[in-house]
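Here is the structure we will look at, set down as structure tokens.
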Number of protein chains: 2
Amino acid sequence: MTEAQPLYAKVKDHILAQIRNGVWEPGARVPSENQLVESFSVSRMTANRALRELTAEGFLSRVPGVGTFVKETPARSSLMELRNIAEEIAQRGHRYSARIMARGEIEANPALAEEFEAKLSDRLFHIVIVHEENGVPVQLEDRYVSAAVVPDFMAQDFSSMTPTAYLLACAPVDELEHTVEASLPTHDQQRLLGIGALEPCLVLRRRSWSRGAVVTAVTLTYPASRYALYSRYRTSERGTLSQ
Amino acid sequence: MTEAQPLYAKVKDHILAQIRNGVWEPGARVPSENQLVESFSVSRMTANRALRELTAEGFLSRVPGVGTFVKETPARSSLMELRNIAEEIAQRGHRYSARIMARGEIEANPALAEEFEAKLSDRLFHIVIVHEENGVPVQLEDRYVSAAVVPDFMAQDFSSMTPTAYLLACAPVDELEHTVEASLPTHDQQRLLGIGALEPCLVLRRRSWSRGAVVTAVTLTYPASRYALYSRYRTSERGTLSQ
DNA sequence: GAAAGTATACTGTATATACAACCTTATACA
DNA sequence: TGTATAAGGTTGTATATACAGTATACTTTC
């Protein structure tokens, strides 16, 4: 967990933490490169790299001759909010249930290592859950979790709290990646979801990052006839839409 | 227009150009830092910055002790942004083309009237376009547009400017609704997209509002094998990092 | 008092140098 | 033949140094 971290990453983390904890509000001035040189005992190039990367990542804005400032970040709603499927079903007045079909701890294979931006020897938790609405399977969750980031993951009781909810409570998400595609179900998926071979499925893949590390990678499979993804939101004043 | 460009930017541009022009295919090896030092007469730190930034931007992948390689970039579309499919395809260095399969003006039927929150007598434009990447259909666009909001819609030449781009220029979007589902293609869709009956499709439905009125309702159908929806963003950041 | 000049602080870029970690390949040895 | 070992190339990080460009505050000059 406590890996040897490069110096520039330590500086980045410190600044990000101040922003996340609200110590430095949007618009606030961030220490100059020379001040960071003093307080962290690093070279100016190292401080510069930390500030430059945070700027490229959208957290800061810099003005030559003036200083560095926390960027204004209006809230954005997204198509893919991290919604809790249990709550969602309950909200519709239906009965939620879950069946855990598999759980274990494995070593990362090459594909998983790349997905987690980690090494081959790293350990991952794996869990397969079928989520049901009124007893009918509506979502197949196939999830890998970094054991380094969330060591206590397996101790949880996922019939009472969904993995999504638990992970959100453990590690603040600061980056999300989604891929949505359509596919016909495999034999396993047909069996677990109780659907036919010709029923198309939505497949949503999500990776989430916390403090620069991949926390979890999950594949959610929805039978098309029982589920659709939906979102509706207002765009902010300045507009989140690019052409 | 030829601005004074930093050296690291010149190196970046050169590498990007080779990738965009297809000189360096995905997976191909990129010159090492020391080779760039030689050919560009820069210091290794400058070459390193160029390669590091291109890696952060998703164009390259680097392996310590081995080398730097052009990253594979699968066909993906951003979920959150209203992006122009023509630009998206061009950005991948591929050829974009479009075929208009139908266009006309109709009166709203009950279903459409409800969708547009309008009256039955209201007039709507209808257009069906097949978007192609390197001559292969990748998206079927079935769009209705409010004639009241965008009276000049039909006067446009949609082989040179996509409807999305035109509508964005006409009416600022202040609300968006998305639905994503999976389905098997209808006969018409099979014919228009040139796919088989067993190829599942992603179906994205979008409604957009401007000044309280529905501007357009569109159904986009993507063959699963040729396209996936993609988004990646930082939760505290404004712009989507689509790459 | 206003304009011009000056000092200072800050960011942006570029270089030379150094060392660590990693991977591949060739070589020496058992 | 198989196994260590060494060598060389590659990326990753860190430092010290230098100079350019920009904005602000202060001082001088008219």
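Just so we're clear, the structure is a prediction, and the values are computed from it rather than from any experiment.
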| remark: Distance col, row B:Thr68:OG1 vs B:Leu60:CG, nearest 0.5 angstrom, shows 6.5 Å
| message | Once side-chain contact (heavy atoms from CB on, under 4.5 Å) is applied, do any residues pair with A:Glu181, and if so which ones, sequence neighbours excluded? | response | A:Val203, A:Arg205, B:Ala228
| query | First and last nucleotide of DNA chain D touching chain A, 5' to 3', heavy-atom cut-off 4.0 Å? | reply | D:dT13 to D:dA23
| request: Just grab all the side chain to side chain donor-acceptor pair (under 3.5 Å) pairs involving residues 102-113 of chain A, residues at least two apart or on different chains. | output: A:Glu105-A:Arg123
| Results of side chain to side chain donor-acceptor pair (under 3.5 Å) for B:Asn34 - residues two or more places apart only | none
| message | Using the side chain to side chain donor-acceptor pair (under 3.5 Å) criterion, which residues pair with A:Arg99? Sequence neighbours excluded. | response | A:Glu132
| remark: Separation of C:dC10 atom C1' from A:Leu51 atom CG, nearest Å, is 11 Å
| query | Of all residues at least two apart in sequence or in a different chain, which pass the side chain to side chain donor-acceptor pair (under 3.5 Å) check with A:Ser32? | reply | none
| request: Applying side-chain contact (heavy atoms from CB on, under 4.5 Å), name anything that partners B:Ala50, two or more places apart in sequence or on another chain. | output: B:Val11, B:Lys12
| message | Without decimals, in angstroms, what is the distance between A:Leu60 CG and C:dC10 P? | response | 16 Å
| query | Can you check the B:Arg49 CZ to C:dT11 P distance for me, whole Å? | reply | 14 Å
| query | Considering residues at least two apart in sequence or located in another chain, which fulfil the side-chain contact (heavy atoms from CB on, under 4.5 Å) criterion with A:Glu141? | reply | A:Ile129, A:His131, A:Gln139, A:Arg143, A:Pro163, A:Val218, A:Leu220
| note | Residues passing the salt bridge (charged side-chain N to carboxylate O under 4.0 Å, His left out) test with B:Asp13, sequence neighbours excluded, are none
Distance-only check: which donor-acceptor pairs under 3.5 Å involve side-chain atoms of residues 37-44 of chain B, not counting sequence neighbours?
from	atom 1	to	atom 2	distance (Å)
B:Ser39	OG	B:Gln35	O	3.1
B:Ser43	OG	B:Thr46	N	3.4
B:Ser43	OG	B:Thr46	OG1	3.3
B:Arg44	NE	B:Glu33	OE1	2.5
B:Arg44	NH2	B:Glu33	OE1	3.1

Under 3.5 Å, which N/O atoms of the protein pair with N/O atoms of nucleotides 20-27 of chain C?
none

| task | May I ask you to list the residues of residues 28-41 of chain A, by number, that have any heavy atom positioned under 4.0 Å from an atom of DNA chain C? | result | A:Ser32, A:Glu33
